[in-house]
Structure formats: C-alpha cells, structure tokens
Amino acid sequence: MSISSKLVMWITGSLQGDSQHLDLLSYLGDTGFGQVEPGNVIMIVIGLIMIYLAIKKDYEPLLLIPIGFGIIAGNIPYNPALMPIGYQDVLGGQQSVFSLFYFGVKSGLFPPLIFLGIGAMTDFSALLSNPKLLLLGAAAQIGIFITLLGSLLLGFNLQEAASIGIIGGADGPTAIFVASQMAPTLLGAIAIAAYSYMGLVPVIQPPIMRLLTTKEERLIKMKPVRQVSQTEKILFPIIAFLITAFIAPGAITLLGMLFFGNLLKESGVTGRLAKSAQGSLNNVVVILLGFAVGTSTQASYFLTFDSLKIFVLGAISFSIATAGGVLFAKFINLFLKGGNKINPLVGAAGVSAVPDAARVVEVEGRRYDKNNHLLMHAMAPNVAGVIGSAIAAGVLLSIVPH
Amino acid sequence: MSISSKLVMWITGSLQGDSQHLDLLSYLGDTGFGQVEPGNVIMIVIGLIMIYLAIKKDYEPLLLIPIGFGIIAGNIPYNPALMPIGYQDVLGGQQSVFSLFYFGVKSGLFPPLIFLGIGAMTDFSALLSNPKLLLLGAAAQIGIFITLLGSLLLGFNLQEAASIGIIGGADGPTAIFVASQMAPTLLGAIAIAAYSYMGLVPVIQPPIMRLLTTKEERLIKMKPVRQVSQTEKILFPIIAFLITAFIAPGAITLLGMLFFGNLLKESGVTGRLAKSAQGSLNNVVVILLGFAVGTSTQASYFLTFDSLKIFVLGAISFSIATAGGVLFAKFINLFLKGGNKINPLVGAAGVSAVPDAARVVEVEGRRYDKNNHLLMHAMAPNVAGVIGSAIAAGVLLSIVPH
Amino acid sequence: MSISSKLVMWITGSLQGDSQHLDLLSYLGDTGFGQVEPGNVIMIVIGLIMIYLAIKKDYEPLLLIPIGFGIIAGNIPYNPALMPIGYQDVLGGQQSVFSLFYFGVKSGLFPPLIFLGIGAMTDFSALLSNPKLLLLGAAAQIGIFITLLGSLLLGFNLQEAASIGIIGGADGPTAIFVASQMAPTLLGAIAIAAYSYMGLVPVIQPPIMRLLTTKEERLIKMKPVRQVSQTEKILFPIIAFLITAFIAPGAITLLGMLFFGNLLKESGVTGRLAKSAQGSLNNVVVILLGFAVGTSTQASYFLTFDSLKIFVLGAISFSIATAGGVLFAKFINLFLKGGNKINPLVGAAGVSAVPDAARVVEVEGRRYDKNNHLLMHAMAPNVAGVIGSAIAAGVLLSIVPH
Amino acid sequence: MMSAAFMSIIVVQSSPVDIESGLGIALVGMTTVFFGLVILSLVLPALERWVEDRFGLDRKKKASLLQQDTDKSMTPVEVAAVSAAIHVHFCLLDQIENMKLTWETHEKPFTPWRLAGRAEHIQESGSLQNRVRSR
Amino acid sequence: MMSAAFMSIIVVQSSPVDIESGLGIALVGMTTVFFGLVILSLVLPALERWVEDRFGLDRKKKASLLQQDTDKSMTPVEVAAVSAAIHVHFCLLDQIENMKLTWETHEKPFTPWRLAGRAEHIQESGSLQNRVRSR
Amino acid sequence: MMSAAFMSIIVVQSSPVDIESGLGIALVGMTTVFFGLVILSLVLPALERWVEDRFGLDRKKKASLLQQDTDKSMTPVEVAAVSAAIHVHFCLLDQIENMKLTWETHEKPFTPWRLAGRAEHIQESGSLQNRVRSR
Ligand code: NA
Ligand code: NA
Ligand code: NA
C-alpha cells in the first residue's frame with residue numbers, strides 16, 4: 001500500500017476498522033469536546049463569575065482572579081489516561097506541574113509565607129494605641145467555635161468541623177493552613193468559601209451591624225489615637241509572639257511568620273528584606289496559592305452536598321463573628337465611662353478580613369455622622385482578629401486528634 | 001616518627017607507597033587538570049562562544065548567558081567519586097545543588113512559569129486588531145510537523161522526533177517542556193538548538209523571505225491597526241484559553257499559564273501580581289532554567305552524532321516555518337482585495353521567536369520603503385505563533401505514546 | 001447526663017478522672033508554659049540579644065534578625081507528640097513548614113543562591129586594579145587550616161574539624177554550605193559563630209592590627225587605583241571561574257554561582273537578571289536561610305559543650321586570619337620598593353566579612369592620617385578572601401572523606 | 001486494550017510504522033493547530049462587535065478626557081511638582097500600599113510638595129540604611 | 001495511652017461523643033483565644049509606659065526636628081533638586097547598595113545635581129538595554 | 001579500594017591519624033588556595049595589557065565624551081526635565097520593557113515632557129489600584 005493511499009485512510013479513520021488507532025476522530029474523543037461533562041461546565045461558569053466579581057465589583061481581586069482562573073484551568077475536561085495535567089494526576093510516578101504548585105498548599109507552606117508578607121505590610125500602631133480593642137478581635141472568634149459545633153451537628157467529623165469553623169476566622173491563609181492539615185478533601189470548598197465571604201464582607205456585615213446597635217451607639221465618637229513610638233513598634237512583634245506562642249504553640253508557624261515579617265518591617269535595619277517579603281515573595285505565593293486552590297476544585301470533588309453545607313455554615317459563621325464583635329463592644333461599654341466608650345460598630349472589624357471589615361466600619365460610621373472617622377479605631381480589632389484566628393487555629397491543630 | 005618528618009613525607013607523597021592516600025600529587029589528580037578530557041574543552045569553548053554572541057551580537061542574551069555559563073560550569077572536569085556536583089550526580093542519596101536546579105527543568109515546572117511571565121508582559125492588541133493574521137501563526141507551525149517526519153527518517157523514535165520537531169516552534173520554553181516529558185536525554189541539545197536559532201533569526205529569515213516574495217509584495221502597505229478596548233483585552237485571555245484548551249487539552253499547562261499571566265496584566269486590578277510574574281519570578285526562573293539547561297550538556301551526553309542531527313533538523317525546521325508563514329500569507333492574499341492585502345513579509349513573524357521575528361519583518365519592510373512600518377502588524381502572527389506551537393505541543397503530548 | 005452539666009465537668013476537668021482527656025488543664029500542659037525547660041529560656045534570651053545587637057549596634061542586621069527571630073521561634077516549647085512544628089519533627093511522614101524551610105539549608109541549596117546575589121552586587125574593580133593584593137586574601141585563609149588542626153586536637157572528627165575551620169573564612173554562606181554537607185549536627189552553632197564574629201569584626205580586628213604593625217607602616221599611603229575597563233570586568237568572572245574551578249572542582253557550586261552572578265551584572269545585557277539575583281531572590285533566600293538556621297538551634301542540640309568549643313575556636317580562627325593577612329602584607333613589602341609598598345592594615349581585610357573588614361581598615365587608617373583612604377585598596381583582599389575561602393571549602397569537600 | 005498496547009510497542013520499535021504514525025500525528029497536529037487558531041480568528045471579530053455595542057460610547061468619552069490632560073502646557077514649577085508626583089506614583093507605590101493598612105495615610109491629604117520637603121530629611125536618615133550585608 | 005487511642009477512635013466515629021468533644025474543644029479554644037489577647041492587652045500599656053520613661057525625651061526632640069524640615073518654603077529650583085534627591089533615595093537605592101562594594105562611590109561627595117547632569121548620558125546608553133527577551 | 005575504605009575508617013575513629021590527616025589536608029588546602037590566587041594575580045595583569053592593546057583607544061574617547069556631559073551647566077528647567085528623565089530611565093524601565101512587546105511604543109517618539117504631563121492623570125487613575133488585599 002502506498003503512503004499516499006494510507007494518508008487518505010488516516011483521514012477517514014478507517015485504517016484498522018476494529019482496533020484503537022490514531023486518527024482525527026479518535027483524537028477528537030480525547031479533546032475537551034469529547035470529554036466534557038456537566039460538572040466541568042458548571043465549575044467553569046463559577047470560575048468566570050469569580051473573575052467577573054473580582055474585576056467589576058472589586059471583591060478581593062488579588063485572590064479571586066487567581067482562584068477563578070485556576071478553577072477554569074482545573075476543570076477543562078481531558079483524558080487523564082494520556083498525560084498528567086491535573087493537580088492529583090500521577091501517571092507512572094510522573095508529577096504534573098499543577099501538582100507541584102499544589103504541593104505548596106498541601107504541605108502548608110504557602111499560608112505562612114503569606115503571613116510573612118502580611119506581617120511585613122501591617123502597621124500595628126492602631127492596636128498599640130488602644131489595646132483594649134484587642135478584645136473585640138477575640139470576641140469575633142466565637143464564630144469559629146459555634147460553626148465548629150454546627151458542622152458536627154451536620155455530620156462532619158471533628159477534623160472537618162474544625163476546618164470549616166476556621167472559615168469564621170475570616171482569614172484565607174489560616175483557613176487553608178488548617179484545612180490542608182486536617183481536611184484536605186474539603187480544602188477547595190473551604191478556601192473558596194473563606195475568600196468569597198471575605199469579598200462579600202461589605203454585603204454581609206452592614207445589616208447585622210445595624211440590627212444590633214442603636215442610633216446613639218453608632219454616633220459615638222472615639223478619642224483620637226495616640227502617636228506610637230518606634231521602640232514600641234519594634235518591641236511589639238517580639239513580645240506579642242512570645243505571649244501568643246506560649247499560649248498556643250500550635251500557632252507558632254503562622255504567628256511566627258506574621259510577627260517575623262512585622263519585625264523585618266519595623267526594625268529599621270532590614271528594609272530590603274521587608275520589601276521583598278511583602279512584595280515579590282508575597283505576590284508569587286499569592287499567584288501560586290490562588291491558582292493551585294482553584295485547580296483543586298475539580299468538579300468531581302467540589303460539586304457535592306458537603307460543599308453546599310460548607311457554604312451555608314460559612315455564611316452563618318461570618319454573621320455570628322460580626323455579631324460577636326459588635327455585642328462584645330456593647331458589653332465592654334457597660335464598664336467604660338462617657339468619653340472612653342467604644343463605638344460598637346468597631347466591633348464588627350474584629351472578624352479580620354483586613355482591611356475590608358475596617359472599611360465597612362468607616363463607611364457605616366460616616367453614614368450617620370460625616371465627621372466620625374472610625375477607620376483608625378477599626379484597624380485595631382481588625383489586626384487583632386488575624387492574631388485571634390491564628391491562635392484559634394493553633395489550639396485546634398493541637399487538640400483535635402489528626 | 002616525628003610529626004615534622006611526616007610533614008616532609010606528605011609533601012613528597014611517599015607516606016604509604018602503595019596505598020591510596022592524601023597528598024598534593026593525589027589531589028592534583030582530582031583537580032580539573034587531572035580529570036580533563038577533550039570533550040570538556042570543546043564544551044567550554046561552546047559556552048564561551050555563546051557568551052560572546054550574547055554580549056557582542058546581542059543574540060538572546062537573557063538566555064544565552066545563563067546557558068553559556070551553565071555549559072562552562074557543567075563541563076569543568078572533576079572526580080565524581082568524591083562529591084556530588086553535577087546535575088545528575090547522586091552519591092549515597094545526596095543531591096547536588098545543580099541537580100536541584102535541574103529538577104525545575106526535568107519536572108516541567110520552569111517552562112509554564114516562564115509562560116506566566118510572558119503572558120504578563122505580552123500585549124495581544126495587535127492580534128485582536130486583525131484576527132486573520134492569526135492564521136499566519138498557524139501556518140508557520142508546519143515546520144514542527146515536517147521536522148517530526150524528518151527526524152523519524154533520520155532514525156529517531158516517535159517521542160524524540162516530536163521533541164525535535166518542536167524546535168521549529170521557535171519557542172524555547174515549549175521545546176524544553178516537551179523534551180523534558182518525552183526525550184529527557186536530548187533536552188540539552190534541543191534547548192540549545194532552539195535558543196541558538198531564535199538568536200539567529202535575523203540571519204536565517206531574511207534570505208528566505210526575499211526568495212519567496214516579489215518586490216511588489218514587499219512594498220504592500222497595510223491598514224493601520226485599530227485601537228483595542230480594555231474590555232476586549234480582558235476577555236481575550238479567558239476566551240482564547242477556553243477555545244484552545246478544549247481543542248488541545250495537552251496544552252492546558254502552557255496555555256493556562258500564558259493566558260493567566262495575561263489576565264493578571266489586563267484585568268487592571270492585579271497589577272502587583274502581574275509585575276512580579278513578569279519581573280522577579282520570571283527573572284529568577286530564567287536564570288535557573290538557563291543555567292540548569294547549560295549544566296546538563298555534559299560532554300559525554302552532548303557531543304554525539306544525535307546532537308549534530310538535531311542542529312541540522314532545527315535549521316531546516318526554522319526555514320520551513322518561515323517559508324510556511326510567508327507562503328500562507330501569499331495564499332490568503334488570493335482571496336483579499338487591494339487595500340486589505342497582507343504584506344507577505346509579515347508571514348515570517350508567524351514562527352514565534354518573540355519579538356525578534358517581528359523586528360526582522362520591520363527591518364526588511366523598511367529596506368524597500370522607509371515609511372512602511374510592519375512591526376505592529378507582525379506582532380499579531382508573532383504572538384499567534386506562540387499559541388500555535390503550544391497547541392502543537394499539547395497535541396503531541398496527548399497522542400504520542402510516552 | 002445533660003450537656004450543660006457535662007459542660008461544667010469539662011471545665012473542672014473531672015469528666016473521666018483517670019483517663020487522658022481534653023480539658024483546660026490538660027491543654028495547659030501542652031502549652032508553652034507546661035512544656036518549658038531552662039534550655040528554651042536560655043536560647044530565647046540568646047535570640048533576643050542577637051536582635052538587640054542587630055538593631056542597636058547594627059551588627060549584620062540582615063542576618064542576625066532572621067537568625068535571632070528563628071532562634072526564638074525554634075525554641076518556643078511545645079508538645080511534639082501533637083503536631084509537627086519544628087525543623088526536624090516528622091509525625092507519620094508529615095513535614096512541618098519549618099522543616100521545608102530547613103531543606104534549603106540541609107541540601108546546600110541556599111548558600112549558592114546567596115553567592116549568586118553577592119556576585120551580582122560585587123564590583124571586582126579594586127581587585128582588577130591591583131592584583132597582587134589577591135595574595136592577602138589567600139594568606140588570611142591560614143585561619144581556616146590552623147583552626148581545623150585545633151578542632152582535631154579538641155576531639156572533633158575530620159568532617160567536623162573541617163566545618164569548624166571554615167568559620168575562619170569569615171564567610172557565612174560558605175560555612176553553612178560546608179557544614180550542611182559534612183557536619184549537619186553542628187550547623188546551627190557554626191552558622192551562628194560565623195555570623196556573630198562577622199558582626200564583631202570591628203571589635204576583634206583593630207587590637208590585632210595595632211599589635212602587629214608599627215606606626216610608620218600604618219601611615220603608608222598607597223597609589224590611587226587605576227580605572228578598570230568594562231571589557232576587563234566582563235572577562236574577569238569567566239577567567240577567574242575557569243582558573244579557580246580547575247584548581248578546586250569542589251568549589252564549582254559556590255564559585256560558579258558567584259562568578260555567574262558577576263557576569264550577569266557586568267555583561268551589560270542581562271541587567272534585569274542581575275537586579276533580581278541581587279534583589280528579590282537574595283532577600284528571600286536571606287530571610288529563609290537565616291530563619292531556618294535559627295530554628296535549628298533547638299536547645300537540646302545547641303546548648304552543648306561542643307557549641308562552646310566552636311565559639312572559642314571561631315574567635316581564635318578570626319584572630320589568626322587577621323594576623324595572617326597583616327603579616328603577609330609585611331612579608332610582601334620586603335620585596336617592594338618605596339612607592340609600591342602595601343599598608344599592612346590592608347591585609348586585615350583579607351578575611352572576607354565583606355564589606356565590614358574593609359571598613360575597619362579604612363577607619364584604622366584614618367585614625368593615624370585623616371587623608372589616608374584605604375577603603376578602595378582594602379576591597380581587593382576583601383573580595384579575594386571570599387574567593388579564597390570558597391576554594392578552601394572546595395578542597396575540604398573533595399579531600400575530607402564524608 | 002491489548003491491541004493498543006501491542007500497537008504502541010510496534011510504533012516505538014519499527015521504523016516504517018513509526019513514519020506511518022508520524023504522518024498521522026503530523027496530520028492530526030497540524031489540523032488541530034489550524035482549527036484552534038481559525039476558531040479564535042472567527043470569535044475575535046464577534047467579540048469586538050459585542051464590546052463595541054455595549055461599551056462603545058464610554059470609550060470615546062475616556063479618549064477625549066485623556067486628550068485634555070496631555071494638552072496642558074506647564075510652567076517649570078509645575079513640571080517639578082509633577083516629576084515628584086510621577087516618582088511618588090511609581091516609586092512609592094509599594095510604600096503607599098504599605099500605608100493602606102495603617103490609619104495615618106487616610107488622614108492626610110495627598111501633598112506631593114510636602115513630600116518633596118521631607119526628602120532631605122529622608123536622605124540623611126536613609127543613608128544609614130544603604131549597606132550591603134546580605135550574607 | 002491505650003485508652004487515649006481508644007478514645008480518639010470513638011471521637012472520630014460516633015457523633016454524640018464528637019459533639020461532646022466539640023464542646024470541650026470550643027471551650028478550650030475560645031478561652032485560649034481570649035486569654036491570649038487579654039494578656040496582650042494588659043502587657044501593651046505597660047510597654048508604653050516603659051518606653052515613655054526611657055525614650056520619652058528623645059522622641060519629642062525628633063518630632064520638633066522633623067517639624068523644621070517640613071516647614072521650609074522652597075524655591076522651584078530647590079524643589080527640582082529635591083525631587084531628584086527623592087528619586088535618588090528610593091529608585092537608586094539598589095544601585096547605591098551595589099556601589100557600596102566598590103571604591104568609586106566612597107570617593108565622590110554625594111551630588112544630586114551632577115547626578116541629574118548625567119541623566120541624559122544614562123538615558124542614551126540605557127536605551128540599548130530596554131529589551132525583552134526573557135524566554 | 002578496600003585499603004582506602006579501611007583507611008577512612010581509621011581516619012574517622014583514631015585521633016593521632018586524624019591529626020596526621022589534618023596536617024596533610026591543611027597543607028594541600030593552603031597550597032591550593034595560594035596557588036589559585038597566585039595564578040589569578042598573574043593572569044589579571046596580562047588581561048589588562050591585552051584589553052589595553054585592543055580596546056585602549058575606545059576607552060579614552062568614551063571618557064572624554066562622559067566629561068562633556070557632566071560639565072554642562074543647566075537651568076532649573078533643564079534639571080527638572082532631567083530629573084523626570086532619570087526617573088523614567090530607572091523607574092519606568094519595567095514598564096518600558098513591557099511595552100516593547102506592543103506596537104504602540106515604537107510609534108511614538110520618546111517625550112519625557114509629555115510623560116510628565118500625563119502624571120496627574122496617572123496619579124488619579126492609579127489611586128484606584130493602591131490597595132492591599134493579598135491574602
Ligand atoms: Na479572624
Ligand atoms: Na511558534
Ligand atoms: Na575568607
């Protein structure tokens with residue numbers, strides 16, 4: 001048979017009628033068009049919606065765009081028998097590139113690196129200036145533990161419940177760190193719930209804040225914050241790390257990197273290290289973390305009833321955390337005199353979600369008095385919330401058997 | 001025996017006449033001078049030539065300098081029985097530093113990261129402005145497949161032939177990605193051939209372009225490109241990824257990172273991520289990738305007849321690709337009317353080799369008409385060529401059994 | 001039993017009197033307060049002192065702050081049975097985040113990356129301008145080998161002695177690289193000794209310099225250095241690498257990266273690569289290296305008599321190295337005529353410790369003659385000292401069986 | 001399944017079958033590349049029209065606004081201010097991002113001139129930080 | 001030991017015990033979080049007082065010095081110089097750090113004006129380097 | 001082979017042999033270090049002469065050109081322009097590199113003054129991007 005006549009047969013795909021062989025039609029079966037299932041389409045649409053919200057509504061774009069694109073990339077249908085592509089595929093020991101990215105998530109490596117960057121870009125002045133606002137950041141963590149109980153009631157086991165509870169910490173890296181250690185199969189859903197609700201803070205919080213406060217309370221003006229000396233700023237990360245790490249050794253990794261980053265920033269002699277920690281390193285980790293989390297949401301793992309339950313629990317968690325912060329501020333006010341009273345709106349910032357929650361407080365405050373700037377006060381419980389949920393994560397990692 | 005008298009014996013190397021022992025002479029045997037072989041010298045000279053071309057002739061310096069220095073470092077002679085140095089040495093399970101660098105190449109990790117950076121620095125406006133020029137980027141990929149057939153005829157097996165063919169894609173990271181998965185032993189030769197010819201584009205392409213075009217064709221002026229809206233730029237990476245990934249799922253990794261990087265750039269809300277993706281991350285990966293590829297060209301692996309064949313096939317591949325682009329432009333012109341005709345020189349840019357091939361087109365165009373600026377038009381097939389060869393890579397990775 | 005009555009029992013910890021169970025008291029036993037031992041406190045104080053010296057006295061802050069904070073983080077007491085935190089903990093195959101950081105130290109990966117950055121920020125002009133000053137950088141390495149012998153006498157084995165000797169090279173990354181390959185258990189002590197003494201150079205060197213020189217010698221003015229052409233600067237890293245790597249192949253990794261970085265800087269065509277090599281990459285590696293070395297100093301490993309011996313040997317090593325450089329300068333002067341004589345103070349810069357040792361020379365020189373600027377001359381033996389100790393490291397790695 | 005495995009062994013070892021497979025691969029490959037880029041080239045004009053329809057007006061407005069900005073002629077003083085401003089935009093971007101987490105920045109109006117005024121002070125104190133010790 | 005292992009099995013598998021454990025965990029967790037942050041909120045005011053006592057005076061001095069700097073009014077020329085200086089501080093920082101290892105920088109006095117003068121030259125030679133070839 | 005393995009065991013375990021080996025190692029090591037740097041110190045002057053012979057003239061030319069640039073005295077306006085230009089060179093380098101892949105940049109002549117003019121516009125639009133949300 002001549003080669004040219006064989007060529008014709010290839011095209012028609014009739015070279016060996018009954019055996020599997022290479023031709024355009026068999027290749028077509030291996031393309032996305034041949035392998036597609038409804039789940040893929042649903043997930044791709046979810047990814048597109050995230051990207052849309054990030055660009056149009058400006059919801060946490062630095063994470064929703066990587067996660068959104070990762071969801072799309074992770075849900076393009078393909079024939080896994082042919083080559084490793086996805087984050088879990090292993091063909092004869094070959095690792096895919098996406099599985100290498102995902103290693104940074106699975107091993108818990110990325111979240112502490114992000115905390116290093118957050119530390120290097122966070123100014124704890126507001127907190128140093130008014131330490132009693134720290135307590136609001138503690139109160140808001142009630143959301144974590146109530147959600148934990150709720151998750152147990154919905155049938156999740158302890159490790160899973162602990163991981164779901166951390167969504168209420170309103171802190172993406174902390175949630176991913178805990179889930180990667182305790183409930184890896186739920187990681188995708190937990191991460192996406194955490195970041196989605198962090199993006200939706202301006203939607204979720206205001207009604208709760210209004211419901212739980214009177215108009216007089218919302219009008220409370222707080223004393224201007226004092227100027228904080230550089231010496232205090234340098235000593236803070238060291239002292240705070242020692243105290244929190246002794247109390248919750250399970251949080252050494254997260255809090256260690258957070259306060260280490262902050263020391264690099266405040267020491268005054270390691271500016272170039274702080275710049276890279278919060279700049280290039282942070283950016284690269286954010287890109288890889290977001291994309292890897294996105295790719296891990298392959299339809300077969302993600303589109304389950306569990307994911308739905310996680311989303312519901314997450315919403316409840318955020319609401320309880322907000323309420324916890326606001327109500328605790330009102331509780332503290334019982335013990336404070338006139339000029340020292342706390343505007344209870346500030347309590348809502350205790351959930352973390354830096355700096356969105358603090359901005360929501362500012363916006364709400366100015367809705368009732370144009371000259372009442374609460375942002376600087378709200379930053380204190382806001383960063384305290386980050387510390388609080390890291391402590392909570394440390395406790396859970398220590399005492400939940402895994 | 002006194003220590004001082006022993007000292008003298010050490011120097012003369014006569015402490016224990018017949019057993020292996022430590023002295024200056026035995027150390028001399030372990031130095032580069034004692035271990036050198038002609039292959040080392042040849043490879044070091046090749047490395048020096050590359051560095052010379054990069055600095056003096058400005059041929060792809062960002063890659064030829066790392067590769068060139070890597071070749072020198074990888075070919076310094078040493079006694080591998082003493083300690084792990086080279087990219088493959090394993091002494092009792094110990095990894096060398098160079099083998100850790102090389103892991104990024106072998107695992108296919110570095111090329112997609114470079115694509116991320118390329119995406120974050122590429123402006124697809126030219127392509128959006130005149131989509132029919134995309135076809136020129138498709139036509140130039142004919143070089144890949146003809147070279148694949150040529151390689152088979154020269155005795156390479158299917159996987160090797162596919163990897164060699166990709167040289168004709170004129171795209172370094174794509175060639176390295178395919179070779180790392182399908183023909184790891186040929187990776188050094190393939191990578192160096194790909195980058196050398198990409199550097200030599202201003203030498204290889206012009207004669208072919210002149211041979212295949214008439215003077216009238218070279219004088220064709222093309223309509224100015226239209227202004228592209230930001231919305232189109234944002235939507236492009238998403239739509240283009242969905243289409244190309246469904247058609248060639250094997251290219252999800254490369255195209256995913258390319259279009260992800262571009263979305264980071266164009267979205268307008270992730271500027272800091274795009275900056276790091278195309279800045280520090282890209283630079284670090286380029287340094288490590290180039291150096292690692294260089295070190296992998298140890299004489300015993302590289303100085304073979306196969307390498308010579310790869311270089312010959314690579315040159316042919318580039319020439320066919322160039323011809324393919326130019327001739328297809330002339331073919332399209334048969335269907336276009338006066339003002340819409342394409343200057344066939346632009347077809348040569350379809351090979352990829354961004355942005356050198358496009359510059360060659362500009363230079364050639366102005367040789368015949370000082371006011372005929374083809375650069376902006378040439379950028380379209382140029383970036384289309386990148387997409388085209390990534391699709392080709394995806395198809396080959398899917399259908400060639402490996 | 002009702003849940004509320006159980007709640008009360010949990011708090012008092014009396015739910016199941018005789019079995020291990022979860023309550024506040026048992027958690028308290030797992031906190032730092034419950035697990036703390038005197039060693040932890042001592043190490044934390046050492047970490048605090050390092051941070052103090054770095055910030056207040058400006059001693060090598062870029063490394064002492066990461067190391068100091070790493071020491072604190074690595075010595076927070078915790079119950080290792082509960083979860084992996086420390087750099088060596090392995091619970092059922094789980095890696096801790098700190099152990100992943102430490103991998104970069106243990107595998108020898110970080111030091112060459114730092115050398116890449118040093119190369120990309122070092123200007124070898126001073127050395128090119130007056131090559132005979134190279135010999136001072138060689139002479140100062142005598143400290144390495146005398147300390148090696150001293151360590152053997154104090155009972156260390158050959159590998160350990162070689163690693164301790166390298167402290168005298170006054171070059172942090174080189175010391176870490178050698179120790180990670182030959183004496184991993186001593187790495188923490190060696191790294192911290194090396195960096196501490198590098199920080200203390202302004203304290204250690206001046207008395208030795210004064211002791212070994214006459215007032216006339218200290219007043220010697222040296223000829224102004226000549227202008228070095230760019231071509232020499234480009235050729236230098238290539239030629240120097242070929243010569244030193246052939247002589248000491250064991251140093252290929254360190255010297256390869258050093259001169260590769262320098263070529264990136266001087267070539268004039270790879271500016272963006274050099275910028276990232278000495279910028280973000282260097283900063284990130286410095287952060288992780290310092291922190292990882294710090295965490296590896298867990299009290300049980302670090303607070304030993306061996307560490308004390310290492311610190312004593314390190315101090316001796318630095319002193320001998322300084323003396324070696326100064327005395328060799330005086331020796332060379334025997335062969336030089338009037339105007340060409342070397343100011344023997346310059347010899348002290350041969351120890352490495354770039355650029356502190358060179359600054360000490362400048363300060364000492366101006367103490368006796370306000371117009372005698374030795375800094376530019378001292379930079380030559382200073383960078384030669386880096387090359388010299390890397391060669392010494394290469395030789396030791398080759399000939400000491402490990 | 002077995003016959004596929006059998007065939008793939010043949011493919012790797014015998015040359016005539018290799019070339020035959022090669023032809024098939026080349027054909028499928030080239031077709032796919034063309035198909036992918038042809039579809040793309042057909043979709044993009046549709047995208048353009050869709051964007052034009054939805055966002056057409058906005059774009060023109062923006063373009064004219066941009067025009068006004070660039071047409072201004074400036075005094076040397078303005079240029080000096082603006083050159084400080086460009087600097088602040090590009091170089092201080094990282095710093096500004098930093099500050100966003102604090103409350104200080106949001107209190108002060110943005111004043112490039114005072115910023116310039118603080119330069120000398122920064123210059124002096126900053127010089128203490130210009131060291132290289134990153135070993 | 002055995003009973004602990006035994007209990008942890010129960011904890012994972014049976015729901016009533018899970019919830020009981022959950023209550024304990026929640027209680028221990030919330031207490032710890034509060035305890036940690038309460039201690040911190042008590043320590044910080046002490047820190048403030050200690051710093052005030054030791055460094056109080058210095059701070060005031062610095063503040064007044066800063067004041068003087070910012071109050072200066074400047075001519076356009078000064079502003080131009082200063083804007084070059086800010087640039088040098090922030091943008092050239094990397095370069096300056098670079099130079100610290102060489103002898104050249106230490107010889108010359110720091111002269112922003114001459115630096116500005118060299119800009120055009122740098123501009124020209126630099127343009128050769130503006131390429132992207134990082135593949 | 002066996003004797004070598006045998007010896008290495010002795011070397012590690014018995015102290016006198018260790019010190020003996022140590023002396024050998026120290027000697028070989030110190031000799032190598034010196035040898036390496038001596039050769040380098042002999043090669044470098046040769047390198048200098050070779051470069052002088054081949055490129056000597058060019059260098060002088062360049063030096064005198066550089067001189068001319070730095071000697072210019074400038075008006076404040078020129079300085080302002082130049083300070084914008086330095087900024088453009090160093091700070092916009094990344095952006096310029098970016099643009100190289102597009103066709104727009106190559107069309108426009110390089111105009112630092114207009115660039116300065118666009119600063120205010122950039123300033124405004126840019127402020128939307130100054131956020132930190134990188135969690
Ligand atoms: Na929180
Ligand atoms: Na191509
Ligand atoms: Na040294």
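Below, read A as the first sequence line, B as the second, and so on, with proteins coming before strands; counting in each chain starts at 1.
- C:F103 touches chain B through its side chain: at least one heavy atom from C-beta onward sits under 4.5 Å away, while N, CA, C and O do not.
- Expressed to the nearest 0.5 Å, how far CG of B:L100 lies from CG of C:L109 amounts to 5.5 Å.
- The contact between C:F259 and chain B is made by backbone and side chain atoms together, counting heavy-atom distances below 4.5 Å.
- Between B:L62 atom CG and C:L273 atom CG the span is 5.0 Å, to the nearest 0.5 Å.
- Contacts between B:F33 and chain C at a heavy-atom distance below 4.5 Å involve backbone atoms as well as side-chain atoms.
- Side-chain contact check for B:I287 versus C:L113: every heavy-atom pair is 4.5 Å or farther apart.
- Interatomic distance, CD1 of B:I76 versus CD1 of C:I247, reported as 11.0 Å (0.5 Å rounding).
- Within a 6.0 Å sphere centred on OH of B:Y52, heavy atoms belonging to other residues, nucleotides or ligands number 12 at most.
- In this structure, the separation between CD1 on B:I44 and CZ on C:F246 is 4.0 Å, given to the nearest 0.5 Å.
- Ranked by non-hydrogen atom pairs under 4.5 Å with chain C, the options B:F291, B:F98, B:F101 are led by B:F291.
- Note: C:S398 OG to B:I85 CD1 = 6.5 Å, rounded to the nearest 0.5 Å.
- Residue contact with chain C, scored on non-hydrogen atoms closer than 4.5 Å, is absent for B:A81.
- With rounding to the nearest 0.5 angstrom, the CD1 atom of C:I252 is 11.0 Å from the OG1 atom of B:T295.
- Contact record, C:R272 with B:Q278: NH2-O, 2.6 Å, taken as the closest heavy-atom pair.
- Heavy atoms of B:L281 lying under 4.5 Å from chain C are absent altogether.
- Shown here for C:T270 and B:P61, the closest heavy-atom pair between the two residues is CG2-O, 3.6 Å.
- Taking all atoms of both residues into account, the shortest heavy-atom contact from B:V97 to C:S107 is CG2-O, 4.1 Å.
- Nearest heavy atoms, B:G32 versus C:P249: N-CG, 3.5 Å.
- Of the two parts of C:V395, the backbone and the side chain both hold a non-hydrogen atom closer than 4.5 Å to a non-hydrogen atom of chain B.
- Only the side chain of C:L116 comes within contact range of chain B, with heavy atoms under 4.5 Å apart.
- Between B:F69 and C:F260, the angle of the ring planes stays under 30°, which puts this pair in the parallel group of the 30/60° scheme.
- Using a 4.5 Å cut-off between heavy atoms, B:P84 makes no contact with chain C at all.
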